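Here the structure is laid out as structure tokens; the discussion comes afterwards.
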Protein chains: 2
Amino acid sequence: MDTLETRELRYFVAVAEELHFGRAADRLGMAQPPLSRAIQQLERRLGVCLLERDRRGVQLTGAGQVLLREGRVALDATAAAARRTRRASLADSAGSPRERLVIGVKAAASHDLLQRLLAAYAAEPDAAEIEVLAGGFAEQEEMLRDGRADVALLLVPFNSLAGFDSEELQTEGRIAVLPAAHPLATRTALSMADISDIPDLPLARWPRHGTYAPGPGPEVHDHTQLAQLIALGRTVAVVPASARTWLWHDHAAVPLTDAAPVVTHIAWPPHSRSLALAALIRTATRLTSATASNR
Amino acid sequence: MDTLETRELRYFVAVAEELHFGRAADRLGMAQPPLSRAIQQLERRLGVCLLERDRRGVQLTGAGQVLLREGRVALDATAAAARRTRRASLADSAGSPRERLVIGVKAAASHDLLQRLLAAYAAEPDAAEIEVLAGGFAEQEEMLRDGRADVALLLVPFNSLAGFDSEELQTEGRIAVLPAAHPLATRTALSMADISDIPDLPLARWPRHGTYAPGPGPEVHDHTQLAQLIALGRTVAVVPASARTWLWHDHAAVPLTDAAPVVTHIAWPPHSRSLALAALIRTATRLTSATASNR
DNA sequence: TTCTGCGATACCCGGCAGGTATCACCCCAG
DNA sequence: CTGGGGTGATACCTGCCGGGTATCGCAGAA
């Protein structure tokens, strides 16, 4: 009947993520009792039990999981509405001298592709200004959804193209980055099996959705940190071939024969109506002469 | 900074669609002054001028157009969150005996395809219950976005696949539906030029986004109405070949040689996680042995 | 001119969002 | 067994703000 308020969604998502009313209230900058009450009201209004209060913390019901997922999407969409509106206002109040595009990229990934793209686009007659917004691992999708970015380079299979329009740009293999001093560093090719179970060189673990998979390797959240650990001989990493850009002198890169290839796509929100964006996409696809994948 | 409330979005969308505070307030079931104030607050909070108040009605600024488009998406997303949460709750409170899927279709379009699909799916071992939700012209996209439907049959180029995952199902040509008594009815094929400028038989006009394009032909919003007008010899229509299903006795259908083909896709929201949905899609693609188009 | 229709302003009121204090409960530590 | 700490829920208060009515200011049409 009545429509969900974004405030309620924000509250619920906070609680659902923390699974703890106190911490959630803290994160929201409010006291715990009003938060409890708000969630109760939400449950009553929806006629749905969202949380299993079970004396020791809180758990999501099935419906709660659905609302968490859908609620995030909805919150991102409203945030995007606000952000894009503000940007549109700047554009047409300033007489729209040059449109401004924000491209979201994974820091240090597809670096040379990005460089070539920016160079080629800058050479276009009426190119917009481009701001590069570098982010963490799967953050690019979120940037597109919540309006921080107008367009992004997404790496499949690390990112998902779900919900976006996209064009394929390039495919690359993966390499193992080893300490230069390691015996395997002299090989000309390796398989995943070769490197996945070396006792003295455990595979580094990256965060997936904020949490780390269990395993022996060190937890890294940063290329610099990873690079240093490899240089110190503590770990090995599997990365896209284009990561050669940031290798250090005491790193060795060896191609992997059996790792799934990494495909870079340029992706944008499905209802975009910007000429500058269209031009950028055209430039990108021409640059790589790839085939259309998704419209 | 602060986040948009859905109430504000609802208000703004109403005003932006009506371009009239009084009518918008009426539609929202409230008085006009609070609505004016709410919009002003919204503009101040965003720091953006959304409307050009110009004494004779209201007009959208560029930023306003952006907010209208993005706001609709956001509102649909929150509505979808509420609806899908409620349905999930029903499912897991009832012990999820059989999942229930809602499929959105354009009334009377792809009828035999739908029939074959439902039959084939019902024969699956653990088929969910399927509810068919028939709607108007481009309404299927909205149904997917706001959660009324879990999956839909979309007809390209009438519908857009933007923002959904989809698989191609079938391609068909188009036919001209004429009064059986009309001279052209005896032809075995026609071109668009043949029928687009017949003085006594103007092409019927369908609503696009709620409004009708200008033209001489009658305005129709309903297949029955259209069928009757054709039977009465007042108009001619161009429809997908599968529309033969609903032809009357005094209709004549003639294939068109140069009309763009109509492609039926099965489409679903990008983050769907339902096994029943996956099974339905698999059934559909097997049924038609078409190739994947969009993932 | 006056009349009419539009959005904006002024002012009031009630509800609800948010705060503090406290409770009820369970799990552990001792 | 008992008390303390940590959980979410309840009670109660208060100020803000969303919404209503009455009215204004302004432009265009009669």
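The figures here come from the full heavy-atom set of this structure, side chains too, leaving out hydrogens, waters and symmetry mates. Because the structure is predicted, anything quoted here is derived from the model rather than measured. The chains referred to below are lettered A, B, ... by the order of the sequence lines, with proteins before strands, and numbering in each begins at 1.
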Is the side chain of [X] donor-acceptor paired with the backbone N or O of [Y] at a distance under 3.5 Å, no angle test?
X: T235(B); Y: A204(B); result: yes
X: E43(B); Y: L50(B); result: yes
X: S89(B); Y: A63(A); result: no
X: T78(B); Y: A74(A); result: no

Can you tell me how far [atom2] of [N] sits from [atom1] of [X], to the nearest Å?
X: F21(B); N: dC6(C); atom1: CZ; atom2: P; answer: 13 Å
X: E8(A); N: dA17(C); atom1: CD; atom2: C1'; answer: 11 Å
X: L28(A); N: dG19(C); atom1: CG; atom2: C1'; answer: 15 Å
X: E5(B); N: dC16(C); atom1: CD; atom2: P; answer: 16 Å
X: Y11(B); N: dC17(D); atom1: OH; atom2: C1'; answer: 12 Å
X: D26(B); N: dG7(C); atom1: CG; atom2: P; answer: 12 Å

**Message:** Strictly below 4.0 Å: does H20(B) bring a side-chain N or O up to OP1 or OP2 of dG7(C)?
**Reply:**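 Answer is yes, contact under 4.0 Å.
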**Request:** Examine dA17(C): is either OP1 or OP2 under 4.0 Å from a nitrogen or oxygen in the side chain of R7(A)? Give yes or no.
**Result:**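 For dA17(C), OP1 or OP2 has a side-chain N or O of R7(A) closer than 4.0 Å.
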**Item:** Along DNA chain C (nearest heavy atom to each residue), the more 5'-positioned of R10(A) and L19(B)
**Value:**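 The residue whose closest nucleotide sits nearer the 5' end is L19(B).
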**Request:** Would you kindly compare R23(B) and M30(A) by the position of their nearest DNA chain C nucleotide and give the one closer to the 5′ end?
**Result:**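 Per heavy-atom nearest nucleotide, the more 5' residue is R23(B).
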**Item:** Those residues of residues 31-46 of chain A lying under 4.0 Å from DNA chain C by at least one heavy atom
**Value:**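 The stretch gives A31(A), P33(A), P34(A), R37(A), Q41(A) as the residues lying under 4.0 Å from the strand, ordered by number.
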**Pairwise side-chain contact, L46(A) with R86(B), heavy-atom cut-off 4.5 Å (strictly under)** =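 They are in side-chain contact.
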**Message:** Under a 3.5 Å cutoff, is there a donor and acceptor pairing between the side chains of Q65(B) and T61(B)?
**Reply:**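 Judged by distance alone, the side chains do not pair up.
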